[in-house]
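So the structure is just underneath, and the comments pick up after that.
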Amino acid sequence: MSDEKIPSQPDLDSPLSELAALLDARHQAQDEILRGQRPPPGLKPPRLLDRVAGVDSALFLRAPPPPAPTPKLSPTLPTHSSPGIAESTMSPDDTIAKTYDPHAIERARYARWEQTGCFTPQGRDAPYCIMLPPPNVTGSLHMGHAFQDTLMDALIRYHRMQGFRTLWQCGTDHAGIATQMVVERQLGLKGTSRHELGRERFVDAVWDWKAESGGTISQQLRRMGASMDWSRERFTMDEGLSEAVTEVFVRLYEEGLIYRGKRLVNWDPVLNTAISDLEVVATEEQGHLWHIRYPLEDGTGSVVVATTRPETLLGDAAVAVHPDDERYQAMIGKRVTLPLCDRTIPVIADTYVDPAFGSGCVKITPAHDFNDYAVGERHNLPKLNIFTDNACINDEAPAAYRGLDRFEARKRVVADLAALNLLVKVDDHKLMVPRGDRSQAVIEPYLTDQWFVRIAPLAEPAIACVEDGRIRFVPENWSKTYFEWMRNIEDWCISRQLWWGHRIPAWYAEDGSIHVGRTEREARANSGLAADVPLRQDADVLDTWFSSALWPFSTLGWPAQTPELSTFYPTSVLVTGFDIIFFWVARMIMMGLKFMGDVPFHEVYIHGLVRDAEGNKMSKSKGNILDPIDLIDGIELEPLVGKRTTGLMRPEDAPKIEAATRRQFGEGIPSYGTDALRFTFASMATQGRDVRFDLGRIEGYRNFCNKIWNASRYVLMTVGTAPLAAPGSRGGLAERWIRHRFGQALGAVRDGFDAYRFDLAAQAIYEFIWDEFCDWYIELAKVSLNDPGTSDEHKQIVRRTLLEVLEAALRALHPLMPYITEELWLKVAPLLGASAETVMTQPYPRQADYPADPAAAAEVDWLKTVVLGVRRIRAESNLEPARKIPLQVKGGSADERVWLGECAPYIQTLARLERIERVEHARSDATAALAGETTLLVPLLDLIDPAVEADRLAKEIVRLEQDLARVNAKLGNESFVARAPAEVVEKERKRAADNADAIERIQTQLRKLRPEA
RNA sequence: GGGUGCUUAGCUCAGUCGGGAGAGCGUCGCCUUUACACGGCGAAGGUCGUGGGUUCGAACCCCUCAGCACCCACCA
């Protein structure tokens, strides 16, 4: 396998090329090397490691002379690349390389598509539109994107070829927190910070960073072959999209659906911002449960409370017990002295307390715990905030703790309690720790002023539209997840204390009053404020998902009523992962219904998440990331190790990651090309929740590319400029059969696309091309074309069929493998008189044009059975494959007798027969197989070992008898015969009869070999 | 605590309507066969997680149990 890792790009400065040049330049093989093609068999290419070490190519000098030159096409074969486009794998004399090389093709093809405007919606037919989930503008393509984009592009190309007015709306997301963090990190490396720069200059710095790195992902999307309409590319902080954000905010505010309030929110003390519930991830961690004694103020005793966060004691407002808890009845209403603090707090009764947990007493800290907040509200407790924005103890706490970080304060509090003998015990305790999904910081419930969306009124219609089917989830069960969340939804905190994002269109007067408007001017006008009243705009920005929620209509021009908006909204389907159903899908549905009065899409296709071969989530910190571009282009081991081990959050993991990488990719990653990668993704798109990315799959599909390449090469070489039959000529058996099979395959492909079963669509087309077209039809066609007895007329039909089916199969495959199909189609189609510039806008083949032909199917199925039967005999009798053998046939139905006559030439060649003869009695030294009612006999006087053959037949009889016994048992069951559908019963009866007949015939044969049997 | 999935060949996974268990990769054997060795031909390999139920018939429908995964959630 190591032989496969030769880099495919020509590199004329490398020692490889110099050495190659030393060899006879006239040799075909050398031409191939210089053109970047694979060397012929026997020539060992250098390994990647050798190249890295700079010691390659010695192997080339020892290499044997290359074999015969590659066959050539007629020099008059038309070529169809446009001027300025690299002629890729075609050498100047029109030789097609023996091995598919994606690199020579992909970039030029893509540039050509983009230049000619193929990606913009065309025509006036029914619209088809997909919204690209906007990737982070400064991000780079990961496997999840590549997977998702492959599926979307397949849908887009499939529908475009069917004539839909197809729009794939693309763009990028400003990704507030993520982008701000990146830029802040960079500033940190330069020894400065955003605070030093100030807001305005910081935001400028982010725009600079966007300008610098914002093109990365769109270039990578192009490498994937994504046919999105780049002319309509949008950015969530574009002027137009920002206008949409403001418009939505103001309208929701005016309707009372956005409000500002002091609430307990999830606070990230590292990023210094509020975040929404969804951005908090709870992780199970090992901690402690501290049991602390609070003495009663009257000295009559004490209570013991348990806590996982002892520092919050400083903000306690009460101790709560269950109202029915007999142990504490006497204490309810009394006060306890709060240790370390110079104050007392009440003992209250609340059903929130679980008497069975811990001591049955709970400390209540309303300002720092969501439950306690609710208890505090019920009992009118003060909300004592003891933290600063970055979670240090503030001045509300006793002087001894002020300024301490929360974890430092925890240690100090615990130590002080122990010193006072108030620490009863400390237990190990597993708890769920809330962490920010971006910063990984421990989140604190924190009391601040924030903006919220009142979500229930928006959620209600959003639930209804999924219930009544206006939006359909695929797979359907994701709607359950959606309902579950939507029915328990909480108000959405949309303000963020960041600098990068959409500013909130709210202004404050000095008296603290709030004025909302599309502009400051409008805000003043709304409130009747004079122009000279000083106003200060809210410093916060909106949650990034607020603008993402508007994506399906903001990108189409809303709030303006554009033609695009009326044409493409609602969009056709949303393709996304289940991880953002709540973040994005639900919110788009709510906003779309609210502002467009209609759903944003009719279907939501939820795909799985890409994981590594072991099923682990791919992450930088695990060092198991695969870069889709590396799979396309290949990467040598050292750079791969480098990529995986730099920029780690935990640099100490580097050695482990390096070792694992070297183990798994000892020779780097070979180049597979975009089409193989895309086909792999499509075939992994099953209904499951996660998809494991396995290099074996992509290698297999790279081989598939090569198979297609070579099948096309054969067809081009065979047909050349030879005359073809007129279109529509009725073919022979094989021609009718392959058309029939193609029609069936097209049906399966269509069903696959319709159901978003890309795996089934991919499988159908893979099997058609490899198992039917290559393995059988091309071989059958060769028989006709190579037989001197074939009429010219028939040969012309065979050539046309080869071309037509190949040409249509390339179109059928195009949505999944755009590059190789384009490349080959442009060579194949002209031979049929087609002269388009691209296959991309050609009609998708229709099943109706390849109607079923059951007669041809039955006959070829029988033909295949005969050939397979002989091949099996040959293999199991250890006959040399090259040796031509005689075949005798005996018996057979009327149809089969006719078929044998018609198929004899095919059978003779494909089964490598010397002759076929009909006999009435089998010789005893013959091996036998069955094809329908026909018995196949291969007399092998000199080679057969009767014992071996007898064993083989005996085994076959056992197999048939087992099957017969099962079928007979079924038929012997009266209920089965009485209750099963007649056709099922009939089928079983026929099967029993067939089996019995087959057993009889094999037994006859066996008795001749083994008379005692 | 609530919810959702998953368990089929050595591995990764299909299996649509309940009616003869499939593919790819891997393994084994043969083969440089004029498109392709990134290939061809052939083969081996499965008690469909467990136990029960419904049915003439269950990988598939229902229930039980076991194992695994994920999502949501305020038990200190």
Side-chain angles (χ1 to χ4, degrees), chain A residues 1 3-4 38 41-42 67-68 70-71 96 98-100 277 282 289 305-309 320 352-354 356-359 361-365 369-374 429 431-432 445 477-478 480-481 484-485 488 578-579 581-582 609 613 615 670 676 683-684 686-697 699-718 751 755 757 759-760 763 766-767 774-775 778-779 782 786 868 871-872 874-876 878-882 912 963 966-967 970 973-981 983-985 987-988 991:
Chain A
M1 285 293 109
D3 294 4
E4 308 321 321
R38 188 165 302 283
T70 312
I96 299 185
K98 205 171 170 187
T99 304
Y100 175 55
D277 300 344
L289 193 57
V305 299
T307 181
T308 53
R309 295 186 299 155
Y352 153 69
V353 180
D354 175 4
F357 186 90
S359 63
C361 294
V362 186
K363 59 191 275 308
I364 301 296
T365 321
D369 183 283
F370 288 99
N371 288 314
D372 294 5
Y373 183 88
H429 184 69
L431 70 161
M432 298 302 278
N477 51 288
W478 285 110
K480 288 184 190 170
T481 305
E484 189 67 19
W485 187 69
N488 298 293
F578 59 80
D579 52 333
I581 290 178
F582 307 147
L609 264 35
S683 66
M684 294 191 319
T686 60
Q687 305 272 40
R689 292 184 163 212
D690 46 40
V691 288
R692 296 190 184 200
F693 194 89
D694 176 8
L695 280 183
R697 291 289 283 273
E699 184 176 336
Y701 294 128
R702 188 269 322 265
N703 295 352
F704 179 49
C705 289
N706 194 49
K707 190 76 179 176
I708 298 165
W709 185 259
N710 276 290
S712 303
R713 201 161 70 95
Y714 168 76
V715 172
L716 289 169
M717 287 187 306
T718 302
D751 291 347
R757 287 300 304 270
D759 59 325
L760 299 182
Q763 190 185 350
Y766 179 98
E767 287 173 356
C774 293
D775 285 354
I778 287 184
E779 297 307 319
K782 281 179 188 171
N786 294 338
L868 292 171
R871 282 178 181 166
R872 188 169 177 173
R874 190 190 276 285
E876 291 181 356
N878 294 322
L879 292 181
E880 306 146 51
R912 297 194 151 257
D963 197 53
R966 211 177 41 72
V967 175
K970 227 176 193 184
N973 182 339
E974 282 173 33
S975 325
F976 171 74
V977 178
R979 301 197 190 197
E983 59 180 55
V984 173
V985 177
K987 208 170 117 192
E988 294 294 325
R991 189 167 165 188

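Every heavy atom of this structure was used, including side-chain atoms; hydrogens, water molecules and symmetry mates were not. Being a predicted model, the structure only gives us computed values, none of them experimental. Residue numbers start from 1 in every chain, and the chains themselves are labelled A, B, ... in the order their sequence lines are given, proteins ahead of strands.
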Counting only side-chain heavy atoms from C-beta out, which of [options] sits nearest to [X]?
X        : options             : answer
A:Tyr766 : B:G24, B:A76, B:G19 : B:G24
A:Arg966 : B:G19, B:G20, B:C36 : B:G20
A:Arg689 : B:C70, B:A35, B:C72 : B:C70
A:Ala980 : B:G19, B:G42, B:A14 : B:G19
A:His429 : B:C71, B:G20, B:A76 : B:A76
A:Asn703 : B:C13, B:G5, B:C38  : B:C38
A:Phe976 : B:C36, B:C72, B:G19 : B:G19

Does [X] make a side-chain N or O approach to OP1 or OP2 of [N] shorter than 4.0 Å?
X        : N     : answer
A:Arg692 : B:C13 : yes
A:Thr686 : B:A14 : yes
A:Arg757 : B:G15 : yes
A:Lys98  : B:C38 : no

Using only modelled atom types and a 3.5 angstrom limit, is any donor from either the side chain of [X] or the base of [N] paired with an acceptor on the other?
X        : N     : result
A:Arg991 : B:G20 : yes
A:Arg697 : B:C25 : no
A:Lys707 : B:C36 : yes

* To do: Assign the ring pair A:His429 / A:Phe357 to parallel, tilted or perpendicular, where the plane angle (0 to 90°) is split at 30° and 60°.
  => perpendicular
* Mutual orientation of the aromatic rings belonging to A:Tyr766 and A:Tyr701 [parallel < 30°, tilted 30-60°, perpendicular > 60°] -> perpendicular
Rounding to an integer number of Å, can you tell me how far [X] [atom1] sits from [N] [atom2]?
X        : N     : atom1 : atom2 : value
A:Met432 : B:G1  : CE    : P     : 13 Å
A:Ile778 : B:G40 : CD1   : C1'   : 13 Å
A:Phe704 : B:G40 : CZ    : P     : 12 Å
A:Phe693 : B:C25 : CZ    : P     : 15 Å
A:Arg874 : B:C41 : CZ    : P     : 13 Å
A:Asp759 : B:G22 : CG    : P     : 19 Å
A:Ile364 : B:C75 : CD1   : C1'   : 11 Å
A:Glu983 : B:G18 : CD    : P     : 14 Å

Write down the distance separating the [atom1] atoms in [N] and [M], rounded off to the nearest Å.
N     : M     : atom1 : value
B:C65 : B:C71 : P     : 25 Å
B:G18 : B:U12 : P     : 29 Å
B:U7  : B:C11 : C1'   : 15 Å
B:G2  : B:U55 : C1'   : 35 Å

So, taking the atom named [atom1] in [X] and the one named [atom2] in [Y], what distance separates them when rounded to the nearest 0.5 Å?
X        : Y        : atom1 : atom2 : answer
A:Ile364 : A:Asp372 : CD1   : CG    : 4.0 Å
A:Ile581 : A:Phe578 : CD1   : CZ    : 8.0 Å
A:Tyr100 : A:Arg713 : OH    : CZ    : 14.5 Å

Check nucleotides 32-34 of chain B against the protein and report each pair of N or O atoms closer than 3.5 Å, with its distance, or say if there are none.
residue: B:U33; atom: O2; partner: A:Arg912; partner atom: NH2; Å: 2.8

* To do: Without swapping roles, check the side chain of A:Asn710 against the backbone of A:Thr99 for a donor-acceptor pair under 3.5 Å.
  => no
* Without swapping roles, check the side chain of A:Asn488 against the backbone of A:Glu484 for a donor-acceptor pair under 3.5 Å. => yes
Looking at every strand, decide which applies to [X] at a 4.0 Å heavy-atom threshold: base, sugar-phosphate, or nothing.
X        : value
A:Asn488 : nothing
A:Glu876 : sugar-phosphate
A:Phe357 : base
A:Leu868 : sugar-phosphate
A:Asp694 : nothing
A:Val353 : base
A:Met684 : nothing
A:Cys774 : base

* 5'-most contact on RNA chain B: A:Gly696 or A:Lys480, nearest heavy atom basis? -> A:Lys480
* Asked: Taking for each residue the nucleotide of RNA chain B bearing the nearest heavy atom, is the 5' side occupied by A:Cys361 or by A:Pro981?
  -> A:Pro981
* When you look for runs of 3 or more Watson-Crick or G-U pairs in a row, both distances below 3.5 Å, which of them include RNA chain B? -> B:1-7 with B:66-72, B:10-13 with B:22-25, B:27-31 with B:39-43, B:51-53 with B:61-63
